[in-house]
Q: 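What follows is a single structure, and I will ask about it in a moment.
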Number of protein chains: 2
Amino acid sequence: MSTQSRKQREIQEREQRILETAWPLLIEQGYLGLSMDRIAETLQYSKGTIYNHFSCKEEIIIALAIQTTEKRTRLFERAAAFRGTSRERIHAIGSAATIFVQLFPDHFKLEHIIRSSSIWEKTSEKRRTIMRSCERRCMGIVGGIVRDAIAHADLTLDDGIVPEDLVFGLWSISVGAFSIITTSDQLVELGIQEPFETYRQNVHRLLDGFGWRPLSADYDSVAVDDRIRAEVFPEEFRAISA
Amino acid sequence: MSTQSRKQREIQEREQRILETAWPLLIEQGYLGLSMDRIAETLQYSKGTIYNHFSCKEEIIIALAIQTTEKRTRLFERAAAFRGTSRERIHAIGSAATIFVQLFPDHFKLEHIIRSSSIWEKTSEKRRTIMRSCERRCMGIVGGIVRDAIAHADLTLDDGIVPEDLVFGLWSISVGAFSIITTSDQLVELGIQEPFETYRQNVHRLLDGFGWRPLSADYDSVAVDDRIRAEVFPEEFRAISA
DNA sequence: TGGAATTATTGACGTATCGTCAAAAAATGT
DNA sequence: ACATTTTTTGACGATACGTCAATAATTCCA
């Protein structure tokens, strides 16, 4: 019994160690830098053992992507639990998204890799389902705040507009901004000195455009951001600042 | 002389044929599907000859990306030349971006592939420079419209906000929306029935948030969109509808 | 506890692809 | 007609993927 559980635990832990070994290879050298042989060599296991855990390279990649995506989802959940006006809560989501990118600047590299059709299609349906459900959960959280805002009359959507449309807008602007930030090497030359700050402001413009109260003009969004970072994400904030 | 030019021309044309052969391989099977051997086999040349044109796989990929990016830039230039209010002209840019995605739905796959660090870093500085200059040109076009809007008092930016901030917002929301549209397989399940339409509306909300006149409420953006498609992009519009 | 049954591990193997380079072929110039 | 330059070729070495039969370790049960 105890022997079994020891072995079982060893196998379990190995899975995590494989992922930890894979991460820097993938981040530093991309898809091609991740080699099953090198993982095996590093961990002193034979290749076959690695394949016992992950049936192909792509499975390792999506497993890593799931880990970071789940971390983001948890940040979103904490942000949504912030006690404040609907506008402050949606603001907290923006802060969570930004903190996530700053804590895991490499996540978007992964996201790019995993979305390549050649990679995505080789992953198992099981893991793809997990990814999709993370995506749905994130959208659900944001959608919930939008609905709350409507319920509290902070926001009124025009006819034919559903909460998901707004969520899609926030999702788009965030994915786009962070993609650009993490892949463009000439933002400063293009006139974007502080991309994260610009992102934050643009999100507010978008919310203003939907008429979400209180509008930017009415409150000091920098102060709100500080408060959220201090109250909701004190630890993460310290990690970023350090 | 005539023999030389014939040979020269043959070599020139071959380059394009290589790219045409590479495109479907890359789109259908991703980075891994693109094989130098297969290109050589298909075109009945030896591998060495292919390598005379492109020093590595990645050069082929970026060459393809440059071709589509240049097409987009030309669409943007035509959109910017639209004679109308600043708001209509920026609207035309949005239409151009949408038309581009619909004409070249696979471009974003390429964009994803090329942005992978492992690929990007293997490309030649020469071609990277071309890509960057395309990017700058696109931003410049949009920035010019923003400046015109300010000059015509259609738009007033708050202190500390520069035109590039707004451009970054439009860029983000577009890149994000199209990335999501081309890679997510559950948009409908997530409640986004007509992503392109939602994108268009979100862009307007963002512009409204910046106070760009006339605001959405004041005019029929669907009519403007129809007019732009008919006047500026009649041919492309037909191609999409067909 | 000892040995059968099950499970986990190993690493050589077949296949595929990359990018190179010396030799062969073709084109060009005199 | 022959020398020089340019282009093409494909065999080659290197690397990596994923498989699988053989081996080792572990578990189970009498």
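The sequence lines fix the lettering, A, B, ..., with proteins before strands; numbering per chain opens at 1. Predicted, not measured: the structure shown is a model, and the values here were computed from it.
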Q: Across the strands shown, which category fits B/I50 at heavy-atom distances under 4.0 angstrom: base, sugar-phosphate, nothing?
A: nothing
Q: Answer with base, sugar-phosphate or nothing: what part of the nucleic acid does A/I39 contact at a heavy-atom distance below 4.0 Å?
A: nothing
Q: Do B/S116 side-chain atoms and B/I119 backbone N/O form a donor-acceptor pair below 3.5 Å?
A: no
Q: With a 4.0 Å cutoff (strictly under), does any side-chain N or O of A/S35 reach OP1 or OP2 of D/dC17?
A: yes
Q: From CD1 of B/I18 over to C1' of D/dT8, roughly how many Å is that when rounded to an integer?
A: 13 Å
Q: According to the interplanar angle, ranging from 0 to 90°, do the rings of A/H107 and A/F100 count as parallel (below 30°), tilted (30 to 60°) or perpendicular (above 60°)?
A: perpendicular
Q: In whole Å, what is the span from the CG atom of A/D37 to the P atom of C/dT10?
A: 14 Å
Q: Does D/dT9 have OP1 or OP2 sitting under 4.0 Å from an N or O in the side chain of B/S46?
A: yes
Q: side-chain contact (heavy atoms from CB on, under 4.5 Å) with A/F54: which of A/I60, A/I62, A/I61?
A: A/I60
Q: Quickly work out the A/E10 CD to C/dT7 P distance and round it to whole Å.
A: 17 Å
Q: How long is the line joining CD1 of A/I11 and P of C/dT10, in whole Å?
A: 11 Å
Q: Counting only side-chain N and O atoms of B/K47, is one of them less than 4.0 Å from OP1 or OP2 of C/dC18?
A: no
Q: Between P on C/dT17 and CG on B/L25, what's the gap in Å once rounded to a whole number?
A: 11 Å
Q: Between A/T49 and C/dT10, is there a contact of a side-chain N or O with OP1 or OP2 at under 4.0 Å?
A: yes
Q: Nearest-nucleotide wise, let me know which of A/L34 and A/G48 is further upstream toward the 5' end of DNA chain D.
A: A/L34
Q: Atom CG of B/L32 to atom C1' of C/dC18: distance rounded to whole Å?
A: 12 Å
Q: Rounded to whole Å, how long is the line connecting atom CD of B/Q8 with atom P of D/dT5?
A: 17 Å
Q: Where the side chain of B/R38 is concerned, which of D/dT9, C/dT17, C/dA12 is the nearest nucleotide?
A: C/dT17
Q: Measure the distance from CD on A/Q44 to P on C/dT10 and round it to the nearest whole Å.
A: 10 Å
Q: Report the relative orientation of the aromatic rings in B/Y31 and A/Y31; use parallel for angles under 30°, tilted for 30 to 60°, perpendicular for over 60°.
A: perpendicular
Q: Side chain of B/M36, heavy atoms from C-beta onward: which of C/dC18, D/dT7, C/dA8 has the nearest atom to it?
A: C/dC18
Q: Can you classify the ring geometry of B/F178 versus B/F108 as parallel (below 30°), tilted (30 to 60°) or perpendicular (above 60°)?
A: perpendicular
Q: Can you tell me if the side-chain N/O atoms of B/R14 get under 4.0 Å from OP1 or OP2 in D/dT8?
A: yes
